[in-house]
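In what follows, a structure is listed as structure tokens, so that the remarks can point back to it.
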Amino acid sequence: MKKRQLASLSLVLAFAAVAHADENPLTFPLTPPAIDAASWVLMDATTGQVLTEGNADERRNPASLTKLMTGYVVDRAIDSKRISRDDMVTVGKDAWAAGNPVFKGSSLMFLKPGEKVSVRDLSRGVIIDSGNDACVALADYVAGSQAAFVDQMNQYVNKLGLTNTHFETVHGLDAPGQYTTAGDLAKLTRAIIYGEPDFYRMYSEKSLTWNGITQQNRNGLLWDKTLQVDGLKTGHTETAGYNIIASSVDGQRRLIAVIMGGKSPKGREEQARKLLTWGQNNFDTVQLFHAEKAIGHENVWYGNPHQVAVGSDKDLYLALPRDEVNKIKAKYVLDRKDLQAPLKLHEQVGTIQLVDGDKQLASYPLVTLNAVDEAGMITRLTDYIKQKL
């Protein structure tokens with residue numbers, strides 16, 4: 001195998017702006033803040049890396065964080081053109097709080113049966129007011145019934161790889177067999193953030209007035225000017241405790257904090273603030289390599305041309321502690337002694353490795369950035385002789 005040392009990362013890295021998941025689990029000698037909650041996660045949104053966590057896979061009651069999946073299903077229905085934001089929905093009696101004892105004392109948009117409301121406004125009612133009635137109205141419209149909508153929610157659970165999540169309701173009120181985890185909710189949040197931008201902007205709205213009733217978004221971190229939080233959602237039931245998911249933007253970096261089982265409304269906000277502040281102060285999200293940009297050139301025996309450019313076919317990003325960035329170097333390793341034609345475009349020929357001294361931090365596929373055909377008879381014969389000399 002051949003090794004090629006690349007420049008120090010401090011010379012080749014740039015800040016990230018596009019999301020690409022990184023499957024490399026990394027650990028660094030940083031001390032995270034102490035979090036007073038049942039479970040929590042801090043994720044770098046660009047890479048999907050978990051920067052710190054506690055009981056991230058513990059199954060818990062999601063409460064109104066369930067509405068993140070409700071909104072996600074509605075957004076997918078819009079993307080697939082099955083519905084539009086401007087569609088007018090006739091509110092059914094099952095979405096009327098006064099006629100549904102399940103909703104007594106719960107969060108509502110205060111819809112009235114028979115009134116017509118756009119999909120956009122119902123979505124705002126779900127996100128801003130945490131309206132259980134709005135969830136039911138959307139579920140009926142999108143899927144025909146709450147049960148059919150819940151089936152769609154769980155289909156997306158599988159598509160997103162949320163292995164510790166199952167939904168039984170469209171709104172998140174306590175129900176047997178309904179559970180999720182902080183880790184799964186971070187993944188779902190990331191999918192929402194990188195979904196439809198117009199839909200995600202609703203999560204930053206601070207209030208909504210409907211039928212003469214004005215309600216404030218329960219995510220108090222939206223008013224915190226230091227963190228630049230632009231979403232997402234809170235939730236609470238007696239069995240769930242106080243939950244919150246918050247996402248903050250710092251320049252071109254985005255972080256996701258999930259708190260489950262907090263002690264109070266202010267307490268959950270304070271724990272999320274701790275995570276976001278720690279992440280902003282200690283990490284940078286950096287671009288390692290650009291898609292289709294050569295990081296090296298290799299000789300190809302029996303080929304036309306005789307050289308092939310190698311690199312990554314994807315933009316590659318990594319969240320790194322700020323003190324570590326200048327220490328990390330990159331190299332690539334070919335997986336064979338010699339490259340021989342033919343070579344296909346994007347054929348893997350080795351690995352790109354990130355190292356800190358003797359420690360390998362991550363590896364990515366090294367691929368060809370152009371195809372190489374077999375050369376003519378004379379060139380192949382000449383190369384054969386050269387190889388034997």
Side-chain angles (χ1 to χ4, degrees), residues 16-21 43 45-48 62 64-92 95 109 116-163 165-167 169-172 180 184-205 208 217 219 230-233 245-247 249 252 254 256 258 291 314-315 317:
V18 183
H20 287 289
M43 176 181 283
T46 301
T47 65
S64 282
L65 297 186
T66 297
K67 295 180 175 78
L68 293 178
M69 181 58 85
T70 303
Y72 186 77
V73 173
V74 173
D75 195 18
R76 300 287 71 73
I78 293 170
D79 279 351
S80 64
K81 310 298 183 186
R82 290 187 286 123
I83 65 172
S84 79
R85 289 178 178 79
D86 297 324
D87 286 357
M88 300 303 293
V89 178
T90 300
V91 177
M109 186 179 174
K116 296 183 182 301
V117 188
S118 70
V119 169
R120 182 189 298 273
D121 282 336
L122 286 173
S123 297
R124 294 174 69 218
V126 169
I127 293 168
I128 304 166
D129 291 346
S130 199
N132 296 325
D133 48 357
C135 292
V136 172
L138 282 170
D140 288 344
Y141 183 71
V142 172
S145 69
Q146 293 180 64
F149 191 90
V150 169
D151 285 343
Q152 291 187 21
M153 293 169 71
N154 287 315
Q155 288 172 24
Y156 281 108
V157 164
N158 293 329
K159 289 180 181 179
L160 293 171
L162 309 182
T163 56
T165 296
H166 181 78
F167 294 110
T169 72
V170 301
H171 39 61
T180 189
D184 277 0
L185 287 174
K187 294 175 185 177
L188 172 58
T189 299
R190 187 166 178 258
I192 292 170
I193 289 170
Y194 291 112
E196 176 56 46
D198 184 53
F199 198 93
Y200 180 67
R201 277 192 287 271
M202 295 181 190
Y203 287 94
S204 65
E205 293 188 50
L208 175 65
N217 195 316
N219 182 1
D230 61 2
L232 288 136
K233 192 79 186 67
I245 299 180
S247 181
V249 180
Q252 294 184 354
R254 178 181 286 280
I256 297 166
V258 181
K314 300 177 181 177
D315 290 327
Y317 299 91

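Residues K187 and L162 have side chains in contact (heavy-atom distance under 4.5 Å, counting atoms from C-beta outward). Side-chain atoms of D133 and H171, non-hydrogen and from C-beta on, never get closer than 4.5 Å to each other. With a 4.5 Å cut-off on side-chain heavy atoms, R82 and V142 count as touching. In this structure, L188 and Y156 have side chains that are not in contact, with every pair of non-hydrogen atoms separated by 4.5 Å or more.
In plain terms, the two heavy atoms of L160 and A191 that are nearest each other are CD2-CB, 4.0 Å. Minimum heavy-atom separation, F199 to S123: CE1-OG, 3.8 Å. Residues S130 and S64 share a closest heavy-atom pair of OG-OG, 3.2 Å. The shortest heavy-atom contact between V170 and A139 is CG1-CB, 3.9 Å.
The distance from atom CG of L122 to atom OG1 of T70, rounded to the nearest 0.5 Å, is 12.5 Å. For the atom pair CE (M43) and OG (S247), the distance works out to 11.0 Å, reported to the nearest 0.5 Å. Rounding to the nearest 0.5 Å gives a distance of 12.0 Å between NZ of K233 and CG of L185. Taking CG from D79 and CD from E196, the interatomic distance works out to 5.5 Å, rounded to the nearest 0.5 Å. Taken from SG in C135 to CG in D140, the straight-line distance is 11.0 Å, to the nearest 0.5 Å. Distance check: I245 CD1 to I192 CD1 gives 7.5 Å after rounding to the nearest 0.5 Å.
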Begin from the C-alpha positions of K67 and N132 and carry the test side chain to side chain contact (heavy atoms under 4.5 Å, CB included) through to its verdict.
CA-CA 9 Å; K67 295 180 175 78; N132 296 325; 2.8 Å; yes
Does V73 form a side chain to side chain contact (heavy atoms under 4.5 Å, CB included) with Q155? I'd like the steps, not just the answer.
CA-CA 10 Å; V73 173; Q155 288 172 24; over 6 Å; no
Side chain to side chain contact (heavy atoms under 4.5 Å, CB included) for T189 and Y72? Distances and angles first, verdict last.
CA-CA 9 Å; T189 299; Y72 186 77; over 6 Å; no
Side-chain atoms of residues 147-154: list all donor-acceptor pairs with protein atoms under 3.5 Å, sequence neighbours left out, distances to 0.1 Å.
from : atom 1 : to   : atom 2 : distance (Å)
N154 : OD1    : F167 : N      : 2.9
N154 : ND2    : V150 : O      : 3.3
N154 : ND2    : F167 : O      : 3.0

Result block: side-chain N/O donor-acceptor pairs under 3.5 angstrom for residues 83-92, not counting sequence neighbours:
from : atom 1 : to   : atom 2 : distance (Å)
S84  : OG     : D86  : N      : 3.3
S84  : OG     : D87  : N      : 3.3
S84  : OG     : D87  : OD1    : 2.8
R85  : NE     : D198 : OD2    : 3.1
D87  : OD2    : S84  : N      : 3.1
D87  : OD2    : Y141 : OH     : 2.9
T90  : OG1    : K116 : NZ     : 2.8

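Under the 3.5 Å distance criterion, the side-chain polar atoms of S80 are matched with a main-chain donor or acceptor of R76. In this structure, the side chain of D230 does not engage the main chain of S204 through any donor-acceptor pair within 3.5 Å. A distance-only check finds a donor-acceptor pair linking the side chain of R190 to the backbone of A45 [under 3.5 Å].
At a cut-off of 3.5 Å, with distance as the only test, no side-chain donor of Y203 or N219 sits close to an acceptor on the other residue.
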